[in-house]
Protein chains: 2
Amino acid sequence: MDLFVSKYFNKIDKKGRVSLPSSFRNVLPKANKNEIILYKSIKTPSIEGCGVGRLKEIAKRINNLDFFSEDYDDFSTSIFSEIVTTNVDKEGRFLIPEELKLYAGIKTEAAFFGQGHFFQMWEPKQGLKNTEDSRRRLLKEKKSLRMMLTQQK
Amino acid sequence: MDLFVSKYFNKIDKKGRVSLPSSFRNVLPKANKNEIILYKSIKTPSIEGCGVGRLKEIAKRINNLDFFSEDYDDFSTSIFSEIVTTNVDKEGRFLIPEELKLYAGIKTEAAFFGQGHFFQMWEPKQGLKNTEDSRRRLLKEKKSLRMMLTQQK
DNA sequence: TGGGATTATATGGGCGTCAATGGGTATATG
DNA sequence: CATATACCCATTGACGCCCATATAATCCCA
């Protein structure tokens with residue numbers, strides 16, 4: 001499985017370390033197994049993360065913008081300076097930068113939510129509430145959800 | 001990781017030295033580990049920096065501008081003639097030329113912002129304000145920023 | 001197929017190393 | 001000779017690496 005799926009609730013220890021769920025670790029390419037990137041979610045008070053391969057994709061895309069345009073600077077600043085790289089230790093744990101913890105309101109426990117090609121980290125209660133809310137929103141448009149689930153490729 | 005990412009706030013000591021963030025040092029090619037180039041940003045009151053290898057890329061970008069336009073001369077002059085090379089000492093520190101410090105309003109502390117293939121140095125408060133502004137501009141076109149971050153290869 | 005044995009995962013803690021910072025002294029350069 | 005800069009050494013705190021344990025999952029064989 002090469003997708004981030006399911007949810008996990010892991011503790012943050014005294015040193016600030018938290019285990020990246022084992023199944024998430026397996027999604028990371030063996031080459032860059034020990035490095036992940038984290039950034040603030042645009043839409044929600046959560047942290048998003050993924051392997052470094054994704055960052056290189058983003059870099060390529062930004063590089064294709066007009067070098068002297070304002071957009072270039074805006075993207076470059078908003079993305080590269082906001083992204084942090086973190087090392088996963090041999091036990092599969094990593095440190096969440098203080099600023100990101102504040103942004104997400106995470107203190108002693110982090111909730112990991114698989115999102116396919118990336119994952120989100122939430123303060124547990126807020127994260128659960130968010131999944132309820134988003135499911136509720138989907139059910140309001142049952143038709144579109146049914147389509148999504150039953151449509152064949 | 002071979003990109004300048006994340007942000008750091010480092011102090012400038014009595015002698016004018018400042019540490020190049022460790023993760024930035026690792027981006028520099030091993031061959032020219034101890035040399036970086038600095039120049040005034042064209043669009044903002046900040047200093048931009050990168051490894052010497054990047055010079056060729058900058059030259060290429062400028063060459064892609066219309067040779068007979070006023071922009072060509074302006075960019076060419078503004079960038080190339082203003083470039084200074086600086087040596088990084090064994091502890092990873094370097095001196096910011098006085099003129100550049102004045103240009104960016106940097107005094108006792110420098111903020112380093114990763115920008116992918118180069119980095120920027122700001123007076124801390126101005127730098128933070130700049131990232132906020134630039135993010136605000138992008139969020140007005142939420143779709144484009146989101147695309148940049150989530151689009152799949 | 002039951003149940004003990006092995007492995008994996010999440011978690012805790014000690015300790016050495018490295019990064020950021022400060023300062024003294026040699027050396028270069030005009 | 002005077003100022004600026006490079007090199008060397010020292011300190012502090014953060015982080016990585018190693019070892020340890022408990023619980024959960026898996027295996028494997030009788």
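Reminder, nothing fancy here: chain letters follow the sequence lines and each chain counts from 1.
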Residues two or more places apart in sequence or in another chain: which of them pass side chain to side chain donor-acceptor pair (under 3.5 Å) with B:Ser19? none
Would a 4.5 Å heavy-atom cut-off, applied to side chains only, mark A:Leu128 and A:Phe9 as touching? yes
Scan the side chains in residues 95-113 of chain B for donor-acceptor partners under 3.5 Å anywhere in the protein, sequence neighbours excluded, and list what turns up.
{"from": "B:Glu99", "atom 1": "OE2", "to": "B:Lys40", "atom 2": "NZ", "distance (Å)": "2.9"}
{"from": "B:Tyr103", "atom 1": "OH", "to": "B:Ser41", "atom 2": "O", "distance (Å)": "2.8"}
{"from": "B:Tyr103", "atom 1": "OH", "to": "B:Thr44", "atom 2": "O", "distance (Å)": "3.2"}

Just the atom pairs and distances: protein N or O near nucleotides 19-26 of chain D's N or O, under 3.5 Å.
{"from": "D:dC19", "atom 1": "N4", "to": "A:Glu91", "atom 2": "OE2", "distance (Å)": "3.3"}

Table please: side-chain donor-acceptor pairs of residues 27-38 of chain B below 3.5 Å, with sequence neighbours left out.
none

Qualifying ring pair (Phe, Tyr, Trp, His ring centres under 6.0 Å) pairs with a residue from residues 11-36 of chain B, counting only residues at least two apart or across chains: B:Phe4-B:Phe24, B:Tyr8-B:Phe24, B:Phe24-B:Phe119
What is the distance from CZ of B:Arg17 to C1' of D:dA10, rounded to the nearest Å? 12 Å
Between B:Lys15 and B:Ser23, whichever has its closest DNA chain C nucleotide further toward 5' is B:Ser23
Taking all atoms of both residues into account, what is the closest heavy-atom pair of B:Ala59 and B:Phe80, and its distance? CA-CZ, 3.7 Å
When you measure from every atom of DNA chain D, which of residues 95-121 of chain B have a heavy atom less than 4.0 Å away? B:Leu95
Using the test side chain to side chain donor-acceptor pair (under 3.5 Å), find all partners of A:Asp133 that sit at least two apart in sequence or belong to another chain. A:Lys129, A:Arg136
Partners passing salt bridge (Lys or Arg N to Asp or Glu O under 4.0 Å) against B:Arg54 (at least two apart in sequence or in another chain): none
Both B:Lys11 and A:Arg25 contact DNA chain C. Taking the nearest nucleotide for each, which residue is further toward the 5' end? A:Arg25
Taking only residues two or more places apart in sequence or in another chain, which ones pass salt bridge (Lys or Arg N to Asp or Glu O under 4.0 Å) with B:Arg137? A:Glu70, A:Asp74
Minimal non-hydrogen separation, A:Asp13 against A:Arg93, with atom names: OD2-NH1, 4.0 Å
How large an angle, rounded to 10°, do the end axes of the helix from C:dT1-D:dA30 to C:dG30-D:dC1 enclose when each is built from five base pairs? 50°
First and last nucleotide of DNA chain C in contact with chain A, 5' to 3', at under 4.0 Å to a heavy atom: what are they? C:dT9 to C:dC15
Hey, are B:Glu132 and B:Arg135 close enough for a salt bridge, meaning a charged N less than 4.0 Å from a carboxylate O? no
Test side chain to side chain donor-acceptor pair (under 3.5 Å) applied to A:Thr77 - qualifying residues, sequence neighbours left out: B:Gln115
What nucleic acid atoms does A:Asp89 come within less than 4.0 Å of, heavy atoms only: base, sugar-phosphate, or nothing? nothing
